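Computed from a predicted structure; not experimentally measured. In what follows, chains are A, B, ... by sequence order, proteins preceding strands, each numbered from 1.
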Number of protein chains: 2
Amino acid sequence: MVSIMTPAPTTLGFALLGLLHQAPQSGYGLRKVFATSALGNYSSSPGAIYPALGRLSRARLIESRVDRARALRPRRVYRPTPAGTGAFRAWLAQPVTRGDVERRMDDLMLRFAFHANLDSPSDTRRFLAGFLREVEDYLGDLQRQRLAWPPRMPPHPRLALQAGIERYRASARWARTALRHFEARRGRTR
Amino acid sequence: MVSIMTPAPTTLGFALLGLLHQAPQSGYGLRKVFATSALGNYSSSPGAIYPALGRLSRARLIESRVDRARALRPRRVYRPTPAGTGAFRAWLAQPVTRGDVERRMDDLMLRFAFHANLDSPSDTRRFLAGFLREVEDYLGDLQRQRLAWPPRMPPHPRLALQAGIERYRASARWARTALRHFEARRGRTR
DNA sequence: TCGCACATGTAACGTGTTACATGATTCA
DNA sequence: TGAATCATGTAACACGTTACATGTGCGA
């Protein structure tokens, strides 16, 4: 449960929280993960990471201790608190909204990737089913827009719309495949 | 030519500039366009639009006059200046970068759509060729990442990567089709 | 008369970006 | 000796979001 009165973390905050669920780490370690892994879309700049860690700390979602293993170069190592684990799980289990698929596709894929930490196939299926529903919905709207397009206009805007349609079609196909993957595993999860 | 010392407009600024090239409009009119058309991803909130118009004005990229057609309800109507037209064209003709395809796909599609205003098939071809090159480049990286993935990991992150790959594949296919469209028109443009 | 569309703005707030600051350790 | 890496942070800045403020004209 997130304690009331603290604003919800941003996507960057949840990404950090998720990484800390895989292994407690220092700010510098987290920066390296962002700089090298496919999460590279998210900034690894210290001006983003350290304040975000500070906010998570103040919200009591993570806690830190100073690691003096090598005495002269101490690192501050962060780990999630129980409240942080709760907030993280709640974030993962959030229903997929129309706004998410319209504007926050990257966030959605991040959330999906972190379902690996949750290890709850039913939540993953719910996520994928919701994702597919919203994508198909939006796709319908886009296609209706294309049909309603005034003819005899320059081709560029229509082509730009078409690009979007094809990207969302690819997402829908992906979701159907992924859903089959997790349907197949239904009932026989460790 | 953009006068030196004024910072470059944001994407929202260029979007406004582009719309004003189609027809001079008031802030309210522009807001409606954002609220109703497929540009809906960009915010139509007054707190974004009006300050952006103010910045464009200060940079002398647009100018405004007060329309008193119906006297008691005046509107401030904006139109691009010659400098604004120059900046807009320069924005459209900018080469597509790796960073653009990685993180600013929406901006790219907006730019592509506004090529309709430019009406220069060679610029459009250059844009599409650059776009295709960078997308294929990035796709190569993503696919190498997938191959290098440590086996025996939970499937979620790999599937998230796969989703990205398929979206970019769709973009590459789209670009090839669009490029053929403009190649076909080569030489016989009005 | 009520509420909606027209029309333009400002203020507070949070966040990310860029750039800077600091200092130790390791390796060529 | 000097550069790169380890490690943590701060400050200035611009931007978008949300919410608020203000007032007219028009149709039900």
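Note on B:Arg76: only backbone sugar-phosphate atoms sit closer than 4.0 angstrom, heavy atoms only; bases stay farther off.
Rounded to an integer number of Å, the gap from OH of B:Tyr78 to C1' of C:dG9 is 10 Å. At whole-Å resolution of the value, CD in A:Gln25 and C1' in D:dA7 are 14 Å apart. For the pair B:Arg31 CZ and C:dT8 P, the computed distance is 9 Å after rounding to whole Å. Look at CZ on A:Phe34: it is 17 Å from P on D:dA7, rounded to the nearest Å. The CZ-C1' distance, from B:Phe14 to D:dG16, rounds to 18 Å in whole Å. Rounded to an integer number of Å, the gap from B:Arg75 CZ to D:dG25 P is 15 Å. Following rounding to the nearest Å, B:Leu53 (CG) and D:dC15 (P) show an atom-to-atom distance of 13 Å. Protein atom CD1 of A:Ile49 is 14 Å distant from nucleotide atom P of D:dT10, rounded to whole Å.
Residue A:Tyr28 places at least one side-chain N or O under 4.0 Å from the OP1 or OP2 atom of D:dC6.
In the hydrophobic clustering of this structure, A:Val135 groups with A:Leu179; members are Ile, Leu, Val, Met, Phe, Trp, Tyr whose side-chain heavy atoms approach within less than 4.5 Å, directly or through other members. In terms of hydrophobic clustering, with Ile, Leu, Val, Met, Phe, Trp and Tyr side chains grouped at heavy-atom distances under 4.5 Å, A:Val33 and A:Leu17 are assigned to a common cluster.
Applying the ring-ring contact (aromatic ring centres under 6.0 Å, His included) rule to B:Phe131 yields the partners B:Trp174; only residues at least two apart in sequence or on another chain are considered. B:His156 is linked by a ring-ring contact (aromatic ring centres under 6.0 Å, His included) to A:Phe112, A:Phe182, counting only residues two or more places apart in sequence or in another chain.
Within the model, atoms OG of B:Ser37 and NZ of B:Lys32 stand 12.5 Å from one another, a figure rounded to the nearest 0.5 Å.
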- Query: Checking side chain to side chain donor-acceptor pair (under 3.5 Å) for the pair B:Arg167/A:Ser171: CA distance, chi angles, key distance, verdict?
  - Reply: CA-CA 7 Å; B:Arg167 285 173 73 81; A:Ser171 289; 2.5 Å; yes
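The A:Ser26 side chain lies nearest to D:dT8 when the options are C:dC6, D:dT8, C:dG9. With distances taken from any side-chain atom of A:Tyr50 to the nucleotides C:dG9, C:dC6, D:dT8, the minimum falls on D:dT8.
Counting only distance, with no hydrogens or angles, the side chain of B:Arg79 and the backbone of B:Ser64 share no donor-acceptor pair below 3.5 Å.
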- Task: For nucleotides 11-18 of chain C, just jot down a letter per nucleotide in 5' to 3' order: B, S or -, based on protein non-hydrogen atoms under 4.0 Å.
- Result: ----SSBB
